[in-house]
Amino acid sequence: MQDNSFFDTAASVLLEPTGLETHHLETLLGRLCDVQGSDFADLYFQYAKHESWSLDEGVVKNGSFSIDKGCGLRSVAGEKTAFAYSEDLNYAAILAAADVVEAIGRRGQDSAIPSLKRAQSRTPLYSGVDPIQQKADADKVAMLHLADKFARGKDTRVKEVMANISSVYEVILVARSDGKLVPDVRPLIRFNVSVIVEENGKRERGSMGGGGRMGLDYFDPELIQEYSDEAVRQALVSLHAVDSPAGTMEVVLASGWPGILLHEAVGHGLEGDFNRKGTSAFSGRIGEQVASKHCTVVDDGTLQDRRGSLTTDDEGNATQNTVLIDKGILTGYMQDEQNARLMGMGLTGNGRRESFAHLPMPRMTNTYMHAGDYVPEEIIASVKKGLYAVNFSGGQVDITSGKFVFSSSEAYLIENGKVTKPVKGATLIGNGPEAMQTISMVGNDMALDSGIGVCGKEGQSVPVGVGQPTLKMDALTVGGVEL
Amino acid sequence: MSTLNLTQAAEYALEVAKRGGADQAEASLHQGTGLSLTARQNELETVEKHNDGQIVVSVYNDHKTGSASSADLTRDGIKSTVEAALSIATFTGKDECLGLADADRMATNLYDLDQDHAWDKTVKEFSELVLECEAEALRQDPRIVNSEGASISSYRGSGVYANSHGFLSEGKGSQHSLSCSVIAADENGMQRDYWYDANRNPANLQSALEIGRRAGERTVARLGSQKIGSTTAPVLFDPVMAKSLVGHLLGSLKGGAIYKKASFMLDKIDHTILPEFFNLSENPHLKGGNNSSLHDSEGVATPAQRSIVENGVLQSYILGSYTARKLGTQSTANAGGVRNIRLSNTGQGFSDLLKELNTGLLVTELIGSGVNSVTGDYSRGAAGFWIENGELAYPVEEITIAGNLVNMYKNIVAIGNDTDERGNTHCGSILLESMTIAGS
């Protein structure tokens with residue numbers, strides 16, 4: 001059974017090399033629970049291999065490889081957390097880290113914890129393949145050369161091609177003071193092609209990539225060609241882009257990656273920690289209309305093989321498909337163990353951490369909007385003068401004021417219902433709750449992104465997914481230079 | 001399986017690389033410990049103990065390279081890390097420019113630059129300090145109703161860099177910081193702002209009370225922020241935001257962007273790219289500086305001072321050995337980055353600059369990543385204050401400022417003497433003649 005094989009993998013990678021046994025983990029958890037007022041404690045064992053290869057000027061110039069392993073130890077008492085970690089998986093070293101947690105948390109009563117049992121978990125959402133082992137290094141190098149060949153072959157204006165392939169193989173084991181022992185084996189791959197084109201001395205960049213939780217076979221020649229062609233197409237469009245308009249106007253967002261809007265405009269503001277602390281523009285607003293009735297937004301960590309998916313979150317809880325906004329009404333927050341407890345709300349499986357050396361907190365998985373009824377052409381046709389934004393390079397939000405920005409890397413003017421000239425990268429800025437109210441049309445073409453998202457919060461990066469159908473916002477500020 | 005000290009570990013890594021057939025090799029190691037605490041709403045929230053170590057190895061074989069890293073500093077761990085790098089170097093392609101920096105450029109005179117200071121406090125003393133900082137912020141104004149908390153962190157570590165030219169350098173460094181972020185609310189909604197300080201020497205840090213006070217004042221000042229109509233106006237970047245303009249300039253001068261022709265500052269050496277009063281230098285040897293070192297991350301000796309822009313004229317790019325060879329020139333000892341950047345000023349204080357601006361925008365926050373490093377096109381979300389007749393009129397938010405960096409740099413009309421001395425770049429406020437502001 002798949003379930004047991006993950007346990008076996010976790011035990012062989014994380015416990016057996018240093019002779020750790022279940023009773024050691026129980027003793028450690030007992031120590032952590034001795035902290036005064038401790039509600040719960042956990043051990044997070046992690047082994048992560050990273051490999052990356054990069055090409056530029058037609059040469060695979062560098063490859064790098066790293067192995068990280070360690071154990072994070074945490075004891076939580078109400079709103080307080082004591083945390084330490086060890087990069088050495090020997091029992092003595094981990095015990096020393098437990099002593100640190102006990103010392104900083106102030107020792108309370110000796111506590112007994114239930115004996116650890118393998119938790120029944122769901123069928124894994126991805127295979128336990130090790131993408132680094134799965135393909136020979138020479139094949140990885142050949143894949144990069146293929147991207148170089150495709151991109152240069154696409155157009156003579158292509159001057160530089162940069163391609164990168166990276167793979168992660170991660171094995172984790174969560175041991176919890178409630179007696180649950182939960183493993184996960186997580187592959188993660190990413191391929192990226194970036195080009196620079198030149199025409200009459202003018203240069204522009206374009207890039208495209210994708211990936212997910214699977215082996216490197218996913219990047220077949222057809223997909224590599226698709227990434228290369230798309231990078232070239234974007235760069236060529238930018239060569240002829242005119243200055244972007246400035247001011248408040250109707251904005252149509254394309255399907256897929258522009259879902260980064262939801263991630264910034266509402267996603268972060270619905271994370272449990274900010275709402276427990278009352279620091280989010282969405283705090284205390286469950287049951288209220290926070291978006292137009294066309295909007296249903298979910299965070300779904302259960303999608304097969306997706307970059308943002310997890311079979312279990314980093315606290316050993318199963319991920320879920322959580323409805324955040326239902327037809328415009330705020331219905332829920334994303335929670336981790338501590339914030340769910342403090343708010344008296346249910347777990348949603350959103351407790352994530354960058355590594356054993358970081359504390360978990362509520363984080364998004366795959367955040368997207370459900371499809372509506374309009375065909376995309378109909379949405380564009382409804383705009384007299386506005387902006388059609390197709391691709392974005394990134395975004396950021398101030399969750400307290402609700403202000404978000406995102407930067408377009410491919411956008412066009414809409415004039416009299418028709419997409420006309422491409423415009424240079426413009427920043428879109430708005431207020432999350434207000435902007436979501438102005439969504440007046442939602443397309444029937446829901447799409448997820450290609451698997452490239454990285455989300456940063458309090459210095460911790462985690463892979464995420466976003467998605468949305470084509471949609472129209474009636475009023476959003478576009479930060480161009482043309483008044 | 002005994003753990004080696006960093007110097008032994010570096011020497012062992014180079015030995016394994018040599019035995020494995022590498023022409024050249026380099027190893028960079030660090031080890032450190034730290035403590036960080038956060039407090040929120042007058043309660044201690046988290047206490048974290050950090051304990052890190054890492055080795056990064058690069059090997060070169062016939063101008064082909066491979067790199068590997070690991071936290072495992074045992075002999076076995078180092079051996080498998082070097083072997084991983086050697087294996088990679090059999091699959092990567094040849095590039096004549098790859099390799100160690102030239103042997104005759106290695107730093108020879110190594111001495112102490114005062115980079116390491118202890119912050120001798122117990123967990124209890126740190127917690128008192130962080131609580132005091134937040135409490136001071138909370139008491140600034142009754143409209144401060146909530147908090148993201150205050151945090152304090154103290155880190156000390158040692159590092160070794162060694163390469164097969166026989167170069168080996170050991171160093172120690174510390175980093176201590178204190179920050180606070182609070183939330184104020186009125187009938188128009190919530191606003192958040194923060195203040196922080198960071199330094200290698202805790203004696204140089206602003207006090208917990210000072211940081212708390214400024215976090216509180218800055219937050220309250222943003223209450224009642226308005227959106228303004230789209231317009232064109234002069235823009236003053238406060239010293240913290242001005243650093244980002246210097247940062248975009250430095251980014252455009254990096255060798256990697258130049259040799260790939262992916263920069264808006266291509267072919268601009270000896271060209272006037274900024275006003276005549278603009279002088280930008282790097283000062284790697286400053287005693288007690290926030291980022292001082294006698295050599296770069298390849299062992300190349302750094303100069304005490306190097307001019308990057310002089311009287312508005314671009315003097316040089318920012319190069320390590322690889323990018324220098326790509327461009328047919330010499331490394332500027334900037335592998336790993338620039339050190340202790342200093343910008344000249346035009347003599348005015350902050351209030352003088354507000355008067356000079358007269359009516360326009362003061363930017364105190366920028367969000368989003370809207371800078372195209374190839375073309376210089378610039379469009380970012382901004383917040384700050386509208387200025388009328390040289391005085392703060394009201395706070396503004398949810399606007400963008402846009403332009404092209406090539407023109408923005410030429411449009412700088414003044415640099416204040418209100419220098420922010422935190423971090424790697426020290427500069428004052430920067431006044432731009434005009435930018436497009438998009439709002440309602």
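Each chain gets a letter, A, B and so on, in the order its sequence line appears, and its residues count up from 1.
When heavy atoms are compared at a cutoff of 4.5 Å, B:Ser147 approaches chain A solely by way of its backbone atoms N, CA, C and O. If you measure heavy-atom distances from B:Arg380 to chain A, the contacts under 4.5 Å come from the backbone alone. Only the side chain of A:Met162 has a heavy atom closer than 4.5 Å to any heavy atom of chain B. Neither the backbone nor the side chain of B:Thr81 comes within less than 4.5 Å of any heavy atom in chain A. Heavy atoms of A:Glu79 lying under 4.5 Å from chain B belong to its backbone as well as its side chain. Residue B:His50 touches chain A through both its backbone and its side chain, counting heavy-atom pairs closer than 4.5 Å. In this structure, the portions of A:Lys277 lying under 4.5 Å from any heavy atom of chain B include both its backbone and its side chain. Using a 4.5 Å cut-off between heavy atoms, B:Asp52 contacts chain A through both its backbone and its side chain. Proximity to chain B involves both the backbone and the side chain of A:Ser66, based on heavy atoms less than 4.5 angstrom apart. Only the backbone of A:Ala281 has a heavy atom closer than 4.5 Å to any heavy atom of chain B. For B:Ile399, the part lying near chain A is the backbone, with the side chain staying farther off; criterion is any non-hydrogen pair under 4.5 Å. For A:Ser194, no part lies under 4.5 angstrom from a heavy atom of chain B. In this structure, chain B has no heavy atom under 4.5 Å from any part of A:Glu51. Heavy atoms closer than 4.5 Å to chain A are found in the backbone of B:Ile437, but not in its side chain. Within the 4.5 angstrom heavy-atom criterion, only backbone atoms of B:Ala382 (N, CA, C, O) approach chain A. With a threshold of 4.5 angstrom between heavy atoms, B:Ala85 does not approach chain A through any atom at all. Looking at A:Tyr85, the atoms closer than 4.5 Å to chain B (heavy atoms on both sides) sit in the backbone and in the side chain alike. Neither the backbone nor the side chain of A:Asp243 comes within contact range of chain B; no heavy atom of the residue lies under 4.5 Å from a heavy atom of that chain. Proximity to chain A is limited to the side chain of B:Ser373, based on heavy atoms less than 4.5 angstrom apart. There is no contact between A:Lys202 and chain B, counting heavy-atom distances below 4.5 Å. Only the backbone of A:Val478 comes within contact range of chain B, with heavy atoms under 4.5 Å apart.
Salt-bridge formation is not detected for the pair A:Glu198/B:Lys261: no Lys NZ or Arg NE/NH1/NH2 atom is positioned less than 4.0 Å from an Asp or Glu carboxylate oxygen. Between A:Lys80 and B:Glu43, at least one side-chain N (NZ, or NE/NH1/NH2) sits under 4.0 Å from a carboxylate O, which counts as a salt bridge.
The minimum heavy-atom distance between A:Thr279 and B:Glu148, with the atom names listed, is CG2-CG, 4.3 Å. When all heavy atoms of A:Lys69 and B:Asp72 are compared, the closest pair comes out as NZ-OD2, 4.0 Å. The heavy-atom pair separating B:Ser230 from A:Leu483 by the smallest distance is CB-CD2, 3.5 Å. Residues A:Gln396 and B:Gly368 come closest through the heavy atom pair OE1-N, 2.8 Å. The two residues B:Gly53 and A:Glu87 make their nearest non-hydrogen contact at N-OE1, 3.1 Å. Between B:Ser369 and A:Ser393, the shortest heavy-atom distance links the atoms OG-OG, 4.2 Å.
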Verify salt bridge (Lys or Arg N to Asp or Glu O under 4.0 Å) between A:Glu57 and B:Lys326, making sure each step is shown before the conclusion. CA-CA 11 Å; A:Glu57 297 184 310; B:Lys326 277 282 172 197; 2.5 Å; yes
| field | Step-by-step side chain to side chain contact (heavy atoms under 4.5 Å, CB included) determination, B:Lys94 to A:Val59 | value | CA-CA 7 Å; B:Lys94 187 169 176 173; A:Val59 178; 6.0 Å; no
request  = In sequence, state the C-alpha distance, the side-chain angles, and the governing distance for B:Ser440 and A:Thr477, and then conclude on side chain to side chain contact (heavy atoms under 4.5 Å, CB included).
outcome  = CA-CA 7 Å; B:Ser440 50; A:Thr477 300; 5.8 Å; no
What do the steps show when you test A:Ile399 against B:Arg192 for side chain to side chain contact (heavy atoms under 4.5 Å, CB included), and what is the final call? CA-CA 9 Å; A:Ile399 53 115; B:Arg192 174 199 51 86; over 6 Å; no
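Considering only heavy-atom pairs separated by less than 4.5 Å from chain A, the leading option among B:Thr231, B:Val371, B:Thr38, B:Val57 is B:Thr231. Between chain B and the residues A:Asp68, A:Ile67, A:Asp137, A:Ile196, the most heavy-atom pairs under 4.5 angstrom are made by A:Asp137. Contact count versus chain B (heavy atoms, under 4.5 Å) is highest, among A:Gly247, A:Ser52, A:Ala357, A:Ser244, for A:Gly247. Here B:Lys227 is the residue among B:Lys227, B:Glu365, B:Gln54, B:Lys124 with the most heavy-atom pairs under 4.5 Å with chain A. The choice from B:Thr90, B:Ile367, B:Val374 that makes the most heavy-atom pairs within less than 4.5 Å of chain A is B:Ile367. Comparing A:Glu204, A:His50, A:Glu482 by heavy-atom pairs within less than 4.5 Å of chain B, the highest count is held by A:Glu204.
Side-chain contact between B:Tyr259 and A:Asp56 is present, with at least one heavy-atom pair separated by less than 4.5 Å. A heavy-atom distance below 4.5 Å is found between the side chains of A:Trp53 and B:Thr92. For the pair A:Val405 and B:Thr400, the minimum side-chain heavy-atom distance is 4.5 Å or more. A heavy-atom distance below 4.5 Å is not found between the side chains of B:Met435 and A:Val481. Taking the side chain as every heavy atom from C-beta outward, A:Thr81 and B:Glu45 never approach each other to under 4.5 Å. By the 4.5 Å heavy-atom criterion applied to side chains, A:Phe65 and B:Ile88 are counted as neighbours. Residues B:Ser67 and A:Asn62 have side chains in contact (heavy-atom distance under 4.5 Å, counting atoms from C-beta outward). Between B:Asn372 and A:Lys424, every side-chain heavy-atom pair lies at or beyond the 4.5 Å cut-off.
Side-chain atoms of B:Tyr322 and A:Lys61 include a donor-acceptor pair closer than 3.5 Å.
Shown here is B:Phe91, whose CZ atom has more than 12 heavy atoms of other residues, nucleotides or ligands within 6.0 Å. Summarising the local packing, NZ of A:Lys457 is surrounded by more than 12 heavy atoms from other residues, nucleotides or ligands at distances under 6.0 Å.
Remark: A:Leu476 CG to B:Glu398 CD distance equals 8.0 Å, nearest 0.5 Å. Rounded to the nearest 0.5 angstrom, A:Arg74 CZ and B:Thr46 OG1 are separated by 11.5 Å. Here the straight-line distance linking atom OG of A:Ser280 with atom CD1 of B:Ile183 works out to 9.5 Å at 0.5 Å rounding.
The backbone N or O of A:Gly479 lies less than 3.5 Å from a partner atom in the side chain of B:Ser379, making a donor-acceptor pair.
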